[in-house]
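Each ligand, and each atom within it, is numbered from 1 in the order the structure gives.
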Amino acid sequence: MNLLYKSTRDASKTVTASEAVLKGLAEDGGLFVPTSIPKLDVTMDDLKDMSYQDTAYAVMKQFLTDYTEEELRHCINSAYDEKFDTEVIAPLVKVGDTYHLELFHGATIAFKDMALSILPHLLTTAAKKNHVTKDIVILTATSGDTGKAALAGFADVPGTKIIVFYPKDGVSRVQELQMVTQKGKNTSVVAIHGNFDNAQSGVKALFEDKELEKELCQAGYQFSSANSINIGRLVPQVVYYVYAYAKLLLNEEIEAGEQINVTVPTGNFGNILAAYYAKQMGVPIAKLICASNENKVLFDFFRTGTYDRNREFVLTSSPSMDILISSNLERLIYAIAGNDAVKNAEFMNKLKTEGVYEITPEMKEKLKDFEGGYATEEETKETISGTYRSTGYVMDTHTAVAAHVCRAYRESSGDQRKQLVASTASPYKFARSVMTAIDSSYDELDEFALIDELEKVSGVEVPAAIEEIRNAEILHTRECDADKMKETVKEILGVEV
Ligand SMILES: *Cc1c(COP(=O)(O)O)cnc(C)c1O
């Protein structure tokens, strides 16, 4: 069967999977969604014994139906290889009474590697299939982790250039160093004077700019996106939920068919949406628990049915979740509106013009699988230090937000189902916040002294991704105002400003 994709804002056109991956964002500003969510066509019993790579093939072939088996297996095998520091790619670790799915064993030690190590391969394959001759320019807004993972994935990939925008004061020191030391002739990194939402809206505006598109086309370029608005990011993320369930079964932690809950530390809503897709594919997931930090716009949305971004933007210790416009929520809104592009476009227009929209009671009814929760900065810290003291396990700030919300949900609901927590970053990426949560006196140490202390405390060797930046040369120093992103892109590409 050939699965096609539609924009969430226009019901009239369909595109193939490879076209959707190439474009990133639909021309009308909508996001591409599959016209239906395919079912798994292998049993959990089969999946139990599969490698990560074979699981990836079993899941992705259902979504990316216009890729041949050879193409898809080549993409998968080029992505999930020695770049990961473990053969199992996404290990499950039991921490107290919850299962942490560690998604940070790739090249840049955040879960973004799970999708961004394969996206360049999916994209260059798509370009070949669709006879694209222009250079593809990947435009990416990052709250810290996507940027580095995308840079690492696309560096020196022939036929591509990548430009990353990050909020100047909105990322951790390690995140910033990882980006500004990136090698590769085709890479550019720009610090913008603004927050992540400014960066993301700016990038979306560039995608929708028809005039710019024409100018770029004449210069031999076309845009695509490495953000999770690209369906080529989401599909690879469905894989690890299928894989995790199968491994729980293999390890006899659960019985066949037993439902589990999944808690996901959420920002742009990509990771949890992938879990929702996994559930619809047939994975026995009961609750999808959406964990926010103090930017709790999603918590309020799940509670009230009103999405309201008109509030103060808070800089927290989990910067990759400092987001008020959660772009992938649009895919859920579209689904609960009954795949109604007109209705969805109205909500998104209200979000753009007024910063707020309210879904209907019928739509809210369809959100029963979701639970919202949030952790304050204090609760995040307490979760890191409390877990360390009781189990010796050191987790990063984002994962701690989820661990807190997971426990709070279990206590308040009495729901005794087994709990999977998506563990999204290595603690090394947020060493200062993690170490000072354990003991505030660590704050006196500089970044790399902290990292050495973290090694002693956690017993986990300093990852290669951190060793790499210790003495690396700073290669990117460009900055720009949030309203000058277009000029900056043209300057980088050598297109007349
Ligand atoms: C990106 C990111 C998140 C949020 O994921 P979304 O898919 O944007 O919801 C959470 N934790 C970390 C460490 C991240 O890098």
Over 12 non-hydrogen atoms of neighbours within 6.0 angstrom of NZ in K204: yes
Element-labelled atoms of ligand 1 that are located less than 4.0 Å from some non-hydrogen atom of A425: 13 (C)
Which segment of F269 sits under 4.0 Å of ligand 1 when only heavy atoms are counted: backbone
Atom 8 (O) of ligand 1: nearest protein contact (heavy atom, Å): N268 N, 2.8 Å
D145: numbered ligand 1 atoms lying under 4.0 Å from its heavy atoms: 12 (C), 13 (C), 14 (C), 15 (O)
Between Y276 and D369: side-chain donor-acceptor atoms closer than 3.5 Å: no
Heavy-atom nearest neighbour in the protein, as seen from atom 12 (C) of ligand 1, with distance rounded to 0.1 Å: T424 OG1, 3.4 Å
Mutual orientation of the aromatic rings belonging to Y240 and F111 [parallel < 30°, tilted 30-60°, perpendicular > 60°]: perpendicular
Spacing of N293 atom CG and S317 atom OG [to the nearest 0.5 Å]: 7.5 Å
Nearest-option assignment for atom 3 (C) of ligand 1, heavy atoms, candidates K112, R233, H398: K112
Within-cut-off N or O pair, M321 and ligand 1, under 3.5 Å: no
Protein contact to atom 7 (O) of ligand 1 [nearest heavy atom, distance to 0.1 Å]: N271 N, 2.9 Å
Shortest protein contact, atom 5 (O) of ligand 1 (heavy atom only): F111 CE2, 3.5 Å
Check against ring-ring contact (aromatic ring centres under 6.0 Å, His included), Y393 and H100: CA-CA 11 Å; Y393 186 78; H100 281 227; 5.4 Å; yes
Check: G270 N/O within less than 3.5 Å of ligand 1 N/O: yes
Parallel, tilted or perpendicular, as decided by the 30° and 60° cut-offs, for the rings of Y357 and F347: tilted
K296 NZ: over 12 foreign heavy atoms closer than 6.0 Å: yes
Rounded distance (nearest 0.5 Å) linking atom CZ of F84 with atom CZ of F104: 12.0 Å
Contacting atoms of ligand 1, where contact means under 4.0 angstrom from a heavy atom of T266: 9 (O)
Best match, P265, A274, G267: closest heavy atom to atom 9 (O) of ligand 1: G267
